[in-house]
**Student:** 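A single structure is presented below for examination.
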Amino acid sequence: MPLTGFERMNEQARARGEKVFVNPRNAAAGSLRQLDARVTAARPLAAFFYALGALQGASFPERQAQLLQWLRTLAYRCAGHAPGARGRGMPRVLSRDGRAAPLTPYQIDGVVYKLDRRADQERLGFPVAGPTLAIAHKFPADEALTVVKGIEFQVGRTGALTR
């Protein structure tokens with residue numbers, strides 16, 4: 001399987017002896033905070049659309065799947081749409097190792113299950129605490145072992161140890 005943009009970016013940073021990003025979310029956030037816009041422009045960032053805040057002159061599609069399809073016809077990039085599931089069937093959308101199935105050509109750290117019918121979404125509403133029409137499923141964090149090869153301490157003028 002070819003490397004994702006995130007993996008390519010980390011590989012290039014390693015080759016330059018620079019710090020690598022821990023995960024795609026940190027890479028995106030760090031990229032957007034760059035003071036030099038050329039650094040941000042050189043990074044493999046992508047935006048995926050999944051909703052509309054307001055719509056004038058047309059009516060919202062009746063289903064989330066139809067909304068995503070409509071956004072795609074307008075040339076907006078949308079994340080893949082998993083097949084519908086009911087109740088306890090939702091976790092079957094994930095593969096055994098907790099990753100999205102089918103695998104995406106980009107790294108993700110979870111999935112969101114969202115009500116498909118707009119009428120159901122509106123019936124549940126948008127409370128202040130957050131929308132009740134969607135449930136987030138975060139994947140377990142990737143873990144790695146780090147070996148500390150050495151630490152150098154210095155004694156400051158006040159006697160405090162610094163590194």
Side-chain angles (χ1 to χ4, degrees), residues 1-54 63-85 88-116 121 126 129-156 160-163:
M1 183 176 222
L3 293 178
T4 64
F6 169 73
E7 292 165 332
R8 246 186 344 275
M9 187 171 64
N10 270 348
E11 203 172 73
Q12 292 166 354
R14 259 188 226 97
R16 291 188 304 265
E18 297 173 356
K19 180 180 166 188
V20 297
F21 289 102
V22 176
N23 58 49
R25 181 178 296 181
N26 287 357
S31 296
L32 294 174
R33 282 194 294 267
Q34 290 293 315
L35 296 177
D36 185 349
R38 292 173 295 190
V39 173
T40 304
R43 294 196 175 159
L45 299 176
F48 294 89
F49 297 84
Y50 59 90
L52 293 173
R63 296 189 173 273
Q64 177 69 19
Q66 293 169 336
L67 173 63
L68 293 177
Q69 186 56 44
W70 182 63
L71 288 171
R72 285 183 187 105
T73 64
L74 298 174
Y76 287 100
R77 179 185 260 174
C78 299
H81 178 71
R88 295 184 188 270
M90 291 190 308
R92 284 183 288 189
V93 173
L94 301 177
S95 65
R96 289 183 192 188
D97 68 353
R99 300 299 182 191
L103 294 174
T104 57
Y106 46 87
Q107 290 189 328
I108 59 176
D109 61 0
V111 294
V112 174
Y113 299 107
K114 189 172 182 181
L115 287 173
D116 189 41
Q121 293 175 6
F126 294 85
T132 53
L133 57 95
I135 299 170
H137 176 95
K138 192 106 160 102
F139 296 150
D142 291 334
E143 295 183 16
L145 182 64
T146 300
V147 176
V148 178
K149 294 183 178 180
I151 302 174
E152 293 183 19
F153 292 99
Q154 296 177 351
V155 180
L161 292 178
T162 61
R163 54 183 174 110

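Hydrogens, waters and symmetry mates play no part in the numbers below; they use all other heavy atoms, side chains included. Only a predicted model underlies this, so the values are computations on that prediction, with no experimental measurement involved.
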**Student:** How would you list all residue pairs meeting salt bridge (charged side-chain N to carboxylate O under 4.0 Å, His left out) that involve residues 19-35, not counting sequence neighbours?
**Tutor:**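 Those involving residues 19-35 are R25-D109.
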**Student:** Could you go through L115 and Q64, starting from their C-alpha distance and side-chain angles, then the distance that decides it, and tell me whether this counts as side-chain contact (heavy atoms from CB on, under 4.5 Å)?
**Tutor:** CA-CA 7 Å; L115 287 173; Q64 177 69 19; over 6 Å; no
**Student:** Distance check, rounded to the nearest 0.5 Å: L68 atom CG versus D116 atom CG?
**Tutor:**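 Result: 9.0 Å between the selected atoms.
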**Student:** Check whether any side-chain heavy atom of Y113 sits under 4.5 Å from a side-chain heavy atom of L133, and report yes or no.
**Tutor:**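 The answer is no; the side chains never approach within 4.5 Å.
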**Student:** Could you check if a side-chain atom of L52 sits within less than 4.5 angstrom of a side-chain atom of L67, using non-hydrogen atoms only?
**Tutor:**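 Side-chain contact under 4.5 Å: yes.
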**Student:** Which donor-acceptor pairs under 3.5 Å do side chains of residues 40-50 form with protein atoms, sequence neighbours excluded?
**Tutor:**
unit_1, atom_1, unit_2, atom_2, d
T40, OG1, S31, O, 2.6
R43, NH1, S31, OG, 3.0

**Student:** Considering non-hydrogen atoms only, spot the tightest contact between V112 and A134 and give its length.
**Tutor:**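 Nearest pair, atom of V112 first, then A134: CG1-CB, 3.7 Å.
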**Student:** Kindly write out the residues that satisfy salt bridge (Lys or Arg N to Asp or Glu O under 4.0 Å) with R16, not counting sequence neighbours, or none if the list is empty.
**Tutor:**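 If we apply the salt bridge (Lys or Arg N to Asp or Glu O under 4.0 Å) test to R16, skipping adjacent residues, the hits are E18.
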**Student:** What heavy-atom pair brings A13 and V20 nearest, and what distance separates the two atoms?
**Tutor:**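 That would be CB-CG1, 4.3 Å.
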**Student:** Is it true that a side-chain atom of N10 and a backbone atom of F21 form a donor plus acceptor pair closer than 3.5 Å?
**Tutor:**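 Pair found, side chain donor or acceptor close to backbone of F21.
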**Student:** Any non-hydrogen side-chain atom of R72 less than 4.5 Å from a side-chain atom of R77?
**Tutor:**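 They are not in side-chain contact.
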**Student:** CD/Q66 to CG/L71 distance, rounded to the nearest 0.5 angstrom?
**Tutor:**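 Answer rounded to 0.5 Å: 12.0 Å.
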